[in-house]
Amino acid sequence: MWLKPEEVLLKNALKLWLMERSNDYFVLQRRRGYREEGGGGLTGLLVGTLDSVLDSTAKVAPFRILHQTPDSQVYLSIACGANREEITKHWEWLEQNIMKTLSVFDSNEDITNFVQGKIRGLIAEEGKHSFAKEDDPEKFREALLKFEKCFGLPEQEKLVTYYSCSYWKGRVPCQGWLYLSTNFLSFYSFLLGSEIKLIISWDAVSKLEKTSNVILTESIHVCSQGENHYFSMFLHINQTYLLMEQLANYAIKRIFDKETFDNDPILDDPLQITKRGLENRAHSEQFNAFFRLPKEETLKEVHECFLWVPFSHFNAHGKMCISENYICFASQDGNLCSVIIPLREVLAIDKTNDSSKSVIISIKGKTAFRFSEVKEFEQLVAKLRLKCGAASTQYHDISTEVPISSESVDPSDDIEVQSLICQKECSKTVNTEALMTVFHPQDLETLNSKTLKEKMKEQSWNILFTECGRGVSMFRTKKTQDLVVRGIPETLRGELWMLFSGAVNDMAANPGYYAEVVEQSLGTCNLATEEIERDLRRSLPEHPAFQSDTGISALRRVLTAYAFRNPKIGYCQAMNILTSVLLLYAKEEEAFWLLVAVCERMLPDYFNRRIIGALVDQAVFEELIRDHLPQLTEHMTDMTFFSSVSLSWFLTLFISVLPIESAVNVVDCFFYDGIKAILQLGLAILDYNLDKLLACKDDAEAVTALNRFFDNVTNKDSPLPSSVQQGSNVSDEKSSHIRVDITDLIRESNEKYGNIRCEDIYSMRCRNRLYVIQTLEETTKQNVREISKWIQRDFYAEVLNSKLLLILLKLRVVSQDVKLSLHELDELYVIFKRELFFSYYWCLRAPVLKHHDPSLPYLEQYQIDCQQFRVLYHLLSPWAHSANRDSLALWTFRLLDENSDCLINFKEFSSAIDIMYNGSFTEKLKVLFKLHIPPAYTEVKYKDPSKGDELSKEELLYFSQLHVSKPAKEKEAESAKNSPEKVAIYSVFKDTI
């Protein structure tokens with residue numbers, strides 16, 4: 001590898017290097033101890049240790065070339081090599097292209113300048129085709145060379161970054177280098193002759209966490225395939241951990257969420273994955289989650305500044321965060337002040353002329369925000385004006401305090417007008433009012449205590465709107481949270497759900513979208529629509545709104561439209577319960593966008609076949625129980641109890657276990673605080689019932705205690721009619737139990753567990769996601785193994801009469817009795833899956849895992865093409881040592897590809913490997929015969945005779961896709977006639993095959 005020329009003082013390096021070649025201008029040297037008998041003795045061991053621990057060009061590669069200036073002790077390093085062949089190639093290039101030219105220069109300075117220019121030109125040319133970009137630091141180029149030399153991974157494997165650290169082997173720390181690449185975590189250490197080389201695939205990581213103990217202050221714990229690895233002594237451990245966490249999660253996503261990668265050019269191309277890119281992506285994800293912005297938003301800039309809060313008359317210190325379409329602010333102190341400003345609402349952007357370095361943003365509704373002490377505020381104003389096209393206003397027209405007008409207009413009014421215009425043609429089918437407005441209109445003449453309390457709530461919110469503004473750009477403070485905890489008034493619930501969830505931004509960005517999707521999805525018939533029809537009348541059946549065609553039709557349209565929009569999710573049980581509550585308080589189109597916000601942003605991966613998101617949050621919940629309720633953890637022998645009990649809490653936001661009038665208060669808090677509110681409430685419920693749970697002798701008794709508690713949760717301030725309320729319909733027997741008001745319960749959850757931070761929950765989600773997915777994979781494999789054992793033990797007749805048959809039919813396990821052991825099958829499957837996984841990721845511009853179909857049975861989910869089969873054939877087949885092994889691989893693939901889709905699954909692959917190793921002589925001969933007749937056989941013509949019998953990837957894929965048009969029997973006969981050497985085989989086996 002060519003290196004950026006750097007000065008080397010040769011006098012101090014003679015003990016570490018041996019000269020192999022030299023001339024008047026260049027010297028080729030070999031590292032002492034490399035390729036010497038006995039390793040070069042003690043000096044060789046010390047040099048090897050230096051090479052591993054230290055980090056410089058001379059201490060990475062065993063060979064180097066120096067440019068020497070006559071009569072000088074200073075040399076320039078210009079190239080290094082991992083082996084003799086590589087460095088010799090560089091030396092010969094210098095002799096042929098540089099040596100002849102140097103004689104024409106008059107001075108040594110001109111010679112040195114010429115050599116340096118040539119080498120820099122070679123580096124620039126090399127960078128166009130290399131994974132190390134031109135702007136990478138020189139040390140990264142050196143680390144890349146060492147990474148490739150030490151681990152022997154394919155050259156397409158992209159090194160993201162590297163760190164110096166210690167790896168703990170038992171109780172002994174080994175200093176070395178940790179390399180993080182797109183698919184692997186790798187570690188290398190060489191100390192006094194002892195070499196440690198570790199390679200861990202990211203998709204095999206089941207646990208990744210930061211730990212500390214008496215010996216290690218802070219370390220990173222990696223668990224892979226049951227083995228624990230600990231790394232410590234990082235300079236920036238948080239940064240390192242964040243990158244490792246991202247790379248591990250991206251590897252999992254490539255397996256189970258390939259659509260994310262297909263639609264993401266950055267993740268789909270390993271060349272685009274860099275340390276800086278990963279860090280920016282992590283910050284963007286946290287930014288979007290905190291402010292509830294569309295997931296397409298990318299955090300562009302962050303500025304530390306002060307925001308003037310007019311109703312409190314003080315400047316809140318915090319950070320201004322800017323993305324493509326939003327300007328957001330969050331305070332760093334405990335005032336919980338935050339603001340979201342969509343650029344679509346901005347009317348003008350100004351700057352002050354005084355020393356306050358202020359930026360003033362005016363929006364619709366006579367509202368303005370003043371950000372002061374902004375660094376480079378003039379450049380920021382120019383960029384923001386360009387971004388949103390806002391005009392400048394005269395500064396003297398704006399008060400220095402930038403008050404919020406008491407007559408501020410709700411910006412969502414414009415959105416509603418656009419939506420109504422777009423829905424005009426579909427007004428006959430789409431409801432434009434919330435169902436609660438239609439079925440429970442407020443009776444202004446009848447005033448009771450509950451109605452008066454509801455009016456007082458509305459008045460409190462109106463006062464807040466006067467102070468903080470109304471709409472998407474309102475100030476969100478501690479007072480806002482306190483009002484949400486008390487319960488949002490019935491008349492404001494739909495509006496505030498839209499604001500706090502961020503659904504208002506989705507609807508504003510897609511005017512008329514819902515009406516179009518409804519029209520397109522009407523009349524469609526598929527599995528999702530059938531399941532929707534089956535569950536329609538099971539959604540809040542006791543509520544009058546869903547005892548009528550109005551409510552049922554609206555629910556059908558929203559669920560069908562979402563299934564049409566997102567076929568990956570389609571429809572999942574629990575969506576009907578959630579959507580029915582949304583329709584009670586939000587207009588139909590708003591309910592649709594609220595459902596989008598919940599399914600795609602706030603509760604990711606909840607509503608799919610595996611409900612991975614819910615399982616992840618349950619794992620987070622168990623972790624919080626261990627931290628905050630340790631006595632309960634000690635009492636419960638099996639923590640899975642909490643998972644089984646709380647699954648419905650997470651999937652339905654407590655709607656399925658609490659009375660409707662209490663559940664809506666939980667939904668209020670969920671839209672404001674996200675999953676944090678559900679976790680806090682879950683902890684508060686367990687804490688409230690702690691004594692009863694500790695007294696329970698088994699799980700059934702604990703479940704009964706919790707169900708009795710939920711039946712006695714009330715909402716004493718609910719204005720809903722008694723005919724609708726569920727908590728008021730309890731029996732006399734249950735009424736003897738203590739009633740718990742939902743408002744008090746939510747307030748207590750905030751007081752006791754409000755210190756749980758959103759950032760911590762995000763980190764716990766990432767950490768537990770690895771464990772959950774790896775556990776699901778292992779559990780499924782265990783199920784396959786157990787059923788295979790039943791089959792192999794001839795218990796099939798017993799299985800037919802047992803419930804296990806249902807599992808057998810569902811998994812469609814391989815029923816044929818292969819001779820490979822279960823352990824061999826397991827290892828074979830790992831190799832099969834890994835080849836599919838890596839080959840597609842290393843192949844640029846190829847759809848990642850496009851042949852993975854999670855809807856298929858476990859052993860048929862992953863399918864490989866002919867190129868991937870060839871790699872595995874060469875690696876595993878005992879027939880791969882023949883001269884025409886590529887042709888045999890091609891024909892074997894075509895034989896296994898019975899449906900001619902140019903893909904084979906593991907079931908087919910394992911059957912072929914089993915015959916090759918464990919088949920009888922007759923079975924192997926049959927297979928060989930079939931390989932030489934159509935449809936398996938096809939004549940192979942090599943385009944490049946110089947390569948012998950080796951087929952290129954393009955040739956292989958071409959021949960694998962050729963279809964046979966003639967009937968098989970006719971082909972067999974014709975093949976036998978035209979191939980004399982096959983006549984004997986054909987005559988023997990034509991009756992048996």
Side-chain angles (χ1 to χ4, degrees), residues 784-785 787-794 796 812-832 835 857 859-860 863-864 866 868-938 940 949 959-960 964 967-976 979-993:
V784 173
R785 292 188 191 123
I787 295 174
S788 299
K789 289 178 183 177
W790 280 80
I791 296 171
Q792 292 184 357
R793 292 173 184 170
D794 295 327
Y796 189 67
R812 300 177 194 171
V813 180
V814 183
S815 58
Q816 60 192 32
D817 188 11
V818 296
K819 297 176 183 178
L820 291 170
S821 68
L822 290 174
H823 178 69
E824 289 171 335
L825 278 172
D826 194 17
E827 290 187 337
L828 187 64
Y829 181 78
V830 171
I831 295 173
F832 177 90
E835 167 58 26
L859 295 179
E860 300 176 26
Q863 303 177 82
I864 57 175
C866 193
Q868 294 158 336
F869 176 79
R870 174 171 65 172
V871 174
L872 292 173
Y873 184 89
H874 289 179
L875 178 66
L876 301 171
S877 174
W879 300 348
H881 302 289
S882 61
N884 60 337
R885 61 178 188 170
D886 276 4
S887 297
L888 278 176
L890 169 65
W891 298 335
T892 306
F893 179 84
R894 288 173 60 90
L895 178 65
L896 296 174
D897 183 21
E898 295 180 354
N899 60 356
S900 300
D901 64 349
C902 302
L903 298 171
I904 63 170
N905 57 41
F906 178 73
K907 178 180 174 182
E908 297 160 336
F909 174 76
S910 60
S911 64
I913 295 296
D914 182 58
I915 291 177
M916 292 178 191
Y917 278 97
N918 301 319
S920 65
F921 176 78
T922 304
E923 289 173 332
K924 293 177 182 178
L925 202 56
K926 284 183 180 180
V927 170
L928 286 172
F929 175 74
K930 288 184 178 181
L931 294 181
H932 290 81
I933 60 174
Y937 175 79
T938 181
V940 177
D949 293 332
F959 288 126
S960 69
V964 180
K969 291 183 179 180
E970 182 180 343
K971 287 278 186 179
E972 290 173 10
E974 183 177 336
S975 177
S979 304
E981 67 274 15
K982 300 173 190 170
V983 173
I985 300 176
Y986 179 75
S987 61
V988 173
F989 289 105
K990 66 179 180 180
D991 296 328
T992 60
I993 297 177

Open item on the list: Run the side chain to side chain contact (heavy atoms under 4.5 Å, CB included) test on Phe906 and Leu828 for me, step by step, so that the C-alpha distance in whole Å, both residues' side-chain angles and the decisive distance to 0.1 Å come before the verdict.
Closed with: CA-CA 9 Å; Phe906 178 73; Leu828 187 64; 3.9 Å; yes
Judged by atom type as modelled, is there a donor-acceptor pair below 3.5 Å linking the side chain of [X] to the main-chain atoms of [Y]?
| X | Y | answer |
| --- | --- | --- |
| Trp891 | Thr938 | yes |
| Asn905 | Gln863 | no |
| Asp897 | Ile904 | no |
| Arg894 | Pro935 | yes |
| Ser911 | Glu908 | yes |

Spacing of [atom1] belonging to [X] relative to [atom2] belonging to [Y], to within rounding of 0.5 Å:
| X | Y | atom1 | atom2 | value |
| --- | --- | --- | --- | --- |
| Phe893 | Cys902 | CZ | SG | 6.0 Å |
| Lys819 | Ile915 | NZ | CD1 | 9.5 Å |
| Leu895 | Ile933 | CG | CD1 | 8.5 Å |
| Leu931 | Thr892 | CG | OG1 | 4.5 Å |
| His874 | Arg885 | NE2 | CZ | 4.0 Å |
| Gln868 | Leu903 | CD | CG | 8.5 Å |

**Asked** Got a sec, which residues hit side chain to side chain contact (heavy atoms under 4.5 Å, CB included) with Glu827, two or more places apart in sequence or on another chain?
**Response**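 If we apply the side chain to side chain contact (heavy atoms under 4.5 Å, CB included) test to Glu827, skipping adjacent residues, the hits are His823.
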When every non-hydrogen atom of Lys924 is compared with those of Gly919, the smallest separation belongs to CE-O, 3.2 Å
request  = Quick one: sort the Phe869 and Phe909 rings into parallel, tilted or perpendicular, breaks at 30° and 60°.
outcome  =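 Plane angle over 60°, so perpendicular.
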message: Quick one, Leu925 with Phe929, criterion side chain to side chain contact (heavy atoms under 4.5 Å, CB included). Give me CA distance, side-chain angles, the key distance, then yes/no.
response: CA-CA 6 Å; Leu925 202 56; Phe929 175 74; over 6 Å; no
| request: Evaluate side chain to side chain contact (heavy atoms under 4.5 Å, CB included) for Phe921 paired with Lys926, printing each intermediate quantity in order. | output: CA-CA 9 Å; Phe921 176 78; Lys926 284 183 180 180; over 6 Å; no
Next item on the list: Kindly indicate whether the side chain of Ile913, heavy atoms from C-beta on, has any atom under 4.5 Å from the side chain of Tyr873.
Entry: no
task: Carefully, step by step, assess Asp914 and Leu825 under the rule side chain to side chain contact (heavy atoms under 4.5 Å, CB included).
output: CA-CA 9 Å; Asp914 182 58; Leu825 278 172; over 6 Å; no
